[in-house]
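Before any comments, here is the structure.
Model, not experiment: these values are computed from the prediction. Along the sequence shown, residues are numbered consecutively beginning with 1. One-based numbering, in listed order, for ligands and for the atoms of each.
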Amino acid sequence: MMILLYLMFCLWSTSIATNKRISKPNIVLFMADDLGIGDLGCYGNTTLRTPNIDILAKRGIKLTQHIAASPLCTPSRAAFLTGRYPVRSGMASLHHVGVFLFSASSGGLPTEEITFARLLQQEGYTTALIGKWHLGINCHSNDDYCHHPLNHGFNYFYGFPVNNIRDCKPEHGSVFQRGIKMYSPTILQITGLALISLGVLHYLGLLRISHRVLGFFILMAAVLIGILLFFFYNFRYLNCFLMRNYSIIQQPWSYKNLTQRFTEEAKRFIRRNTDAPFLLFLSYPQVHTALFASQLFRGKSKHGLYGDAVEEMDWSIGQILQTLDQLNLSMQTLVYFTSDHGAHVEEISDNGDIHGGSNGIYKGGKATNWEGGIRVPGLLYWPGVLNPDISIDEPTSNMDVFPTIVKLAGAQLPHDRIIDGRDLMPLLQGIAVFSKHEFLFHYCNAYLNAVRWHPRNSKSIWKAFFFTPKFSPEGANGCFESHVCFCHGNFVTYHDPPLLFDLSKDPEEKHPLTPETESDFYEILHTIQQAMSDHTQSLMAVPNQLSLGNIMWKPWLQPCCSSFLKFCYCNHEP
Ligand SMILES: *[C@@H]1O[C@H](CO)[C@@H](O)[C@H](O)[C@H]1NC(C)=O
């Protein structure tokens with residue numbers, strides 16, 4: 001009897017001990033921007049040095065089929081923070097532009113959406129976002145901050161509300177020039193055609209316009225062009241600024257020691273919060289163009305400025321891991337590393353340098369749902385709880401972080417909405433063998449592009465594409481002529497029946513299956529169609545946050561740290 005009681009006591013106390021270790025850990029989330037899965041040592045790169053990120057894999061868990069919910073920044077990040085497909089929150093575009101470009105646009109992550117930061121905050125966590133946001137700022141005025149990180153569950157924000165792009169860095173080229181070059185022939189044609197038709201109508205006597213009205217139209221056109229020129233000339237001042245909480249502290253931001261500043265901020269945040277659980281989301285602007293690296297890293301890698309930027313980011317991650325160790329927090333902290341989507345393979349600088357990363361063996365990249373666009377690094381490190389040096393090949397999603405950390409924090413998942421992510425812990429701890437994702441839906445902006453099916457009873461990973469991007473020039477591994485692939489219209493090829501692959505045998509997506517090569521061809525497609533229609537029926541109509549009206553520049557929403565006459569310039573950084 002005594003022995004039995006003793007045994008029961010032992011069981012009870014060990015279960016308390018493990019529970020204690022597992023409940024309310026600190027959470028550190030690293031997210032890189034545009035980093036490819038083939039850029040990291042732990043995923044097979046032999047020439048780029050990423051020793052600190054590799055440590056996460058060696059001492060933790062490496063996911064080899066970790067899938068971003070979207071191949072573009074804004075929707076992927078919206079899905080990451082909410083655990084839901086971007087279409088559910090209206091964060092998926094119906095036209096060509098799939099991300100926010102301006103600080104003065106009205107779209108953003110809707111206030112009704114619940115981020116993991118908010119749920120953790122409600123559980124007593126202190127939460128910080130350091131780095132890039134890219135999910136909107138204001139709705140109606142330039143200081144309502146309806147979409148701002150502090151309005152979405154973060155106690156502290158230090159970083160970029162929008163995005164780092166070439167136009168933010170002098171002499172690093174321009175994204176808009178490319179766009180203007182691409183569309184200006186069309187615009188000129190339309191304007192020319194309009195003028196000619198006006199002339200003809202006038203000549204035929206079908207339309208009488210006085211010279212005054214004509215002059216007015218010409219003046220209006222000139223003013224409009226003037227405003228546009230002013231805007232693009234001052235892009236850096238209007239969109240590339242650094243905020244601390246609600247204040248703009250550097251407009252435009254300076255690239256000088258930027259990584260050091262982000263790293264210091266993160267370290268200070270950790271040191272301030274050693275007594276209570278914290279959530280740190282360190283969202284690096286690397287390795288999106290404009291690329292940058294500080295003196296210590298410039299010219300040091302074997303892969304130009306791109307490699308230097310990766311290696312500096314890796315250094316920064318090492319600093320954070322060291323800080324956790326020094327403060328004895330490693331055993332109570334779950335660390336996660338990922339990239340928002342695949343590398344932007346079309347990124348080549350004006351003088352021909354490769355500014356896009358590597359997606360390893362995978363096809364395509366950013367903005368496509370080929371594996372190169374969505375298969376991202378996924379590393380989880382938590383000494384004492386997760387076993388070291390384990391590789392998991394099951395399909396997982398970046399949306400899974402939401403339910404995983406919400407549960408670890410002791411919070412309830414929201415009951416009033418669909419959460420698409422699934423708790424990763426059973427898989428990570430080896431309790432479950434199969435992923436809870438039998439199906440994953442791959443969207444290109446708001447268009448359902450492909451479905452992945454991993455049947456429970458088989459090793460196969462089926463992936464069916466309803467359309468694929470038209471690579472240009474033909475035979476290239478990307479859309480080099482338009483710099484980025486698009487999701488609909490003439491930019492894609494539609495497939496009926498869908499293009500089917502088995503990723504377990506053909507991860508490079510080279511050999512589409514046919515009824516001849518795959519005897520279950522039609523049954524597989526039938527199951528996929530069924531899952532797709534169930535999924536589509538679960539979607540609800542919501543306002544589109546990336547509509548043209550919501551992404552356009554609205555001067556009255558322009559955040560500006562000084563008077564407009566001082567050109568929105570200020571610098572409160574050391
Ligand atoms: C390593 O990364 C660099 C930079 O993206 C790339 O050029 C190279 O091909 C990669 N190497 C491998 C083996 O993937």
Side-chain angles (χ1 to χ4, degrees), residues 30-58 62-68 71-73 76 164-166 172-173 259 284-294 296-318 337-368 370-379 391 393 471 475-480 483-485 503 506-510:
F30 296 113
M31 182 176 276
D33 197 358
D34 285 17
L35 179 83
I37 192 168
D39 286 327
L40 301 177
C42 52
Y43 284 96
N45 199 303
T46 47
T47 46
L48 245 175
R49 291 166 299 185
T50 55
N52 295 295
I53 298 172
D54 298 347
I55 281 181
L56 298 176
K58 200 174 293 155
K62 174 169 84 174
L63 304 173
T64 64
Q65 196 180 163
H66 195 46
I67 305 298
L72 275 186
C73 304
S76 169
N164 170 33
I165 64 170
R166 285 189 182 277
H172 270 247
T259 310
Y284 289 101
Q286 282 107 334
V287 276
H288 199 291
T289 55
L291 295 171
F292 60 96
S294 66
L296 270 173
F297 292 87
R298 217 173 305 150
K300 297 290 158 63
S301 79
K302 290 192 179 128
H303 296 284
L305 189 50
Y306 182 85
D308 300 346
V310 176
E311 294 189 2
E312 184 165 31
M313 180 180 68
D314 179 78
W315 164 83
S316 170
I317 288 170
F337 176 87
T338 195
S339 176
D340 57 352
H341 47 68
H344 191 177
V345 288
E346 295 93 343
E347 261 298 357
I348 294 165
S349 77
D350 287 343
N351 41 22
D353 297 334
I354 294 176
H355 277 187
S358 158
N359 294 315
I361 62 161
Y362 302 111
K363 191 192 277 193
K366 173 174 178 174
T368 80
W370 292 113
E371 290 295 282
I374 51 176
R375 201 183 278 229
V376 289
L379 302 170
S391 180
D393 300 332
F471 281 170
N477 181 38
C479 304
F480 289 86
H483 186 62
V484 65
C485 293
L503 299 180
D506 180 20
E508 294 162 66
E509 297 167 294
K510 275 187 176 158

Quiz prompt | D39 side chain to S358 backbone, donor-acceptor under 3.5 Å | solution = yes

Quiz prompt | Contact residues of ligand 1, where a non-hydrogen atom lies under 4.0 Å away | solution = G38, D39, G44, N45, T47, L48, H303, Y306, G357, S358

Practice problem: Just grab all the salt bridge (Lys or Arg N to Asp or Glu O under 4.0 Å) pairs involving residues 355-366, residues at least two apart or on different chains. | Solution: D34-K366

Quiz item: What residues, two or more places apart in sequence or in another chain, satisfy disulfide (SG to SG under 2.5 Å) together with C479?
Solution: C485

Quiz item: Can you list the residues that meet the side-chain contact (heavy atoms from CB on, under 4.5 Å) rule with S294, with sequence neighbours excluded?
Solution: N257, Q260, L296, F297, E312

Quiz prompt | Heavy-atom pair with the smallest gap, counting every atom of D350 and G173 | solution = OD2-CA, 3.8 Å

Exercise. Please determine, by modelled atom types, if T289 and E347 share a side-chain donor-acceptor pair under 3.5 angstrom.
Key: yes

